[in-house]
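Here the structure comes first, spelled out in structure tokens, and everything after it is commentary.
When a residue number appears, it is its place in the shown sequence, counting from 1.
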Amino acid sequence: MAAFTSHQAQTHFLSKLPITNKPTRTKPIVTRVRMSYQESGPSLAVVGVTGAVGQEFLSVLSDRDFPYRSIKMLASKRSAGKEFSFQDKTYTIEELTENSFDDVDIALFSAGGSISKKFGLIAVDKGTVVVDNSSAFRMVENVPLVIPEVNPEAMSGIKLGTGKGALIANPNCSTIICLMAATPLHRRAKVTRMVVSTYQAASGAGAAAMEELELQTREILEGKPPTCNIFNQQYAFNLFSHNAPIVSNGYNEEEMKLVKETRKIWNDKDVRVTATCIRVPVMRAHAESVNLQFENPLDEETAKNILSNASGVVVIDDRASNHFPTPLEVSNKDDVAVGRIRRDVSQDGNYGLDIFVCGDQIRKGAALNAIQIAEMLL
């Protein structure tokens with residue numbers, strides 16, 4: 001197979017999506033007709049609709065019967081004019097411009113930080129509530145950083161129909177997946193320190209990275225040198241420190257997101273968090289090893305019961321058969337899976353636990369969380 005450039009890899013991956021002027025035998029991402037159109041529903045815009053998360057926005061909107069009266073499909077100039085089918089209707093992708101948000105109630109953004117910084121603020125000025133999946137606004141004061149199961153109160157002052165726009169930030173995928181499991185335990189026993197090691201999938205780097213992982217796997221099995229356009233090293237059959245830039249303290253930006261976002265979401269500037277983030281050759285679901293230290297005692301059986309009753313969490317913890325969460329089991333699933341729930345033997349008493357968490361990075365780690373935020377606005 002010939003080597004692809006980064007742009008070709010993105011184009012090849014997106015050729016699998018249901019865009020009518022690209023011949024494909026792949027089924028559309030939304031395969032069943034859903035009746036989400038409601039004249040009384042909000043008007044929507046999806047920014048970055050051709051990307052992996054943009055397409056997942058549409059899938060989740062359909063799966064959850066999210067009501068809307070209209071929806072704009074927005075992307076770059078390169079994608080403008082292409083057509084695809086969503087919920088038994090053909091849509092034409094429009095170029096994202098300053099005029100894209102006239103009469104738009106909710107805009108779902110997943111097109112990168114620079115696009116969000118420019119067009120997100122334009123949308124807000126026009127009265128649109130923006131749910132942004134980039135890192136552009138996460139740590140901005142007065143911009144709520146929301147996981148609906150964790151801190152829904154953070155966006156309590158934002159309402160539709162007031163004519164007043166607002167920004168709501170979607171946390172980083174690794175933060176969402178971690179805190180879905182850690183927060184129910186934090187509410188019971190108060191986490192004072194958290195140590196996280198992540199094993200992050202290709203999807204976190206976008207559609208082109210997913211395509212390159214698939215391409216490299218074929219190349220290596222065929223005895224060919226791997227194409228390394230997205231990452232500067234072999235990804236298939238390998239793992240490496242997360243490709244985010246290293247900052248002055250020796251951590252990378254991905255690790256510091258976990259530190260800073262946890263403190264903001266929990267509204268606890270004193271909680272101690274450290275992280276090591278690793279990129280692994282998995283397609284679309286992240287895994288995380290999480291060590292928790294508590295102010296109050298919490299035994300493992302109580303922890304299992306708490307997690308079993310937590311919204312958006314499923315416990316997979318079968319010691320007898322050595323069955324615990326895996327990325328494959330949670331791919332394309334809404335729930336975050338938790339297992340390996342055990343007392344930290346390095347600490348005295350029941351003041352520490354180790355857990356292993358897996359979650360779909362594109363779904364709960366991005367698109368689903370954003371749609372749940374939008375549902376809270378209805």
Side-chain angles (χ1 to χ4, degrees), residues 52-53 56 60 110 133-135 138 145-152 169-187 191 194-206 210 239 242 244 252-266 271 273-280 282-292 303 306-308 310-317 324-341 353-373:
V53 175
E56 198 71 18
V60 177
S110 187
N133 194 56
S134 80
S135 61
R138 288 175 186 154
L145 182 65
V146 177
I147 305 171
E149 296 91 341
V150 174
N151 63 331
N170 221 28
N172 193 40
C173 49
S174 53
T175 305
I176 293 173
I177 292 165
C178 176
L179 295 192
M180 283 293 294
T183 300
L185 306 178
H186 174 59
R187 287 173 178 152
V191 173
M194 182 167 70
V195 181
V196 186
S197 298
T198 72
Y199 313 92
Q200 295 183 224
S203 56
M210 298 169 74
L239 57 82
H242 194 283
N252 63 42
E253 289 181 358
E254 187 79 1
E255 292 158 352
M256 290 309 299
K257 288 175 186 177
L258 256 168
V259 174
K260 295 175 181 178
E261 292 178 18
T262 296
R263 290 172 176 164
K264 181 172 180 176
I265 292 166
W266 280 356
V271 65
V273 181
T274 185
T276 301
C277 295
I278 304 297
R279 187 74 75 184
V280 297
V282 171
M283 194 57 76
R284 63 172 286 161
H286 290 350
E288 304 184 19
S289 169
V290 184
N291 175 267
L292 300 166
I306 291 170
L307 291 168
S308 295
S311 177
V313 174
V314 59
V315 172
I316 303 174
D317 196 83
F324 303 103
T326 68
L328 278 178
E329 284 179 289
V330 299
S331 291
N332 297 293
K333 303 286 179 58
D334 289 350
D335 289 342
V336 168
V338 188
R340 299 301 318 278
I341 303 163
L353 286 173
D354 286 296
I355 60 176
F356 187 67
V357 188
C358 289
D360 188 304
Q361 180 274 328
I362 305 178
R363 205 159 175 94
K364 182 54 184 174
L368 172 62
N369 198 77
I371 303 303
Q372 288 175 309
I373 290 171

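I265 and P171 make their closest contact through CD1-CG, 3.8 Å (heavy atoms, listed as atom of the first residue, atom of the second, distance). Nearest heavy atoms, L179 versus V150: O-CG2, 4.0 Å. Taking both residues in full, the closest heavy atoms of I362 and A52 are given as CG2-O, 3.9 Å, listed atom of the first, atom of the second, then distance. In terms of heavy-atom proximity, A303 sits nearest to L353 at CB-CD1, 3.5 Å. Closest approach of S174 to E288, counting heavy atoms only: O-OE2, 2.8 Å. Here the closest non-hydrogen pair linking R284 and S331 is CG-OG, 3.8 Å.
Within the 4.5 Å cutoff, the side chain of I147 has heavy atoms near those of the M180 side chain. At a threshold of 4.5 Å between non-hydrogen side-chain atoms, the residues T175 and T262 count as touching.
A search for salt bridge (Lys or Arg N to Asp or Glu O under 4.0 Å) contacts involving E255 returns nothing, not counting sequence neighbours. In this structure, D335 has no salt bridge (Lys or Arg N to Asp or Glu O under 4.0 Å) partners at least two apart in sequence or on a different chain. For the salt bridge (Lys or Arg N to Asp or Glu O under 4.0 Å) test, residues two or more places apart in sequence or in another chain that qualify with R138 are E261.
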When you look at K364 and Q372, which way does the side-chain contact (heavy atoms from CB on, under 4.5 Å) test go after all the steps? CA-CA 9 Å; K364 182 54 184 174; Q372 288 175 309; 2.5 Å; yes

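A donor-acceptor pair is defined here as one N or O able to donate and one able to accept, closer than 3.5 Å; such a pair exists between the side chain of N369 and the backbone of V146. A donor-acceptor contact shorter than 3.5 Å is absent between the side chain of R340 and the backbone of D354. At distances below 3.5 Å, not a single donor-acceptor pair connects side-chain atoms of H286 with backbone N or O atoms of G359. The closest donor-acceptor contact from the side chain of K264 to the backbone of K260 lies at 3.5 Å or more, if one exists at all. In this structure a side-chain-to-backbone donor-acceptor pair under 3.5 Å is missing from N133 to N170.
With values rounded to the nearest 0.5 angstrom, T183 atom OG1 is found 12.0 Å from I306 atom CD1. L258 CG to M194 CE: the interatomic distance, rounded to the nearest 0.5 Å, is 6.5 Å. Here the straight-line distance linking atom CZ of F324 with atom SG of C358 works out to 12.0 Å at 0.5 Å rounding. The SG atom of C277 lies 11.0 Å from the CE atom of M256; values are rounded to the nearest 0.5 Å. The distance from atom NZ of K257 to atom CG of N252, rounded to the nearest 0.5 Å, is 9.0 Å. Atom CG of residue L307 and atom CG of residue L185 lie 4.5 Å apart, to the nearest 0.5 angstrom.
Ionic pairing of R279 and E254 is not present here: no N-O contact between side-chain nitrogen and carboxylate oxygen is shorter than 4.0 angstrom. Using a 4.0 Å cut-off between charged nitrogen and carboxylate oxygen, R363 and D334 count as a salt-bridge pair.
Note: F356 and Y199 have tilted aromatic rings, judged against thresholds of 30 and 60 degrees for the angle between ring planes.
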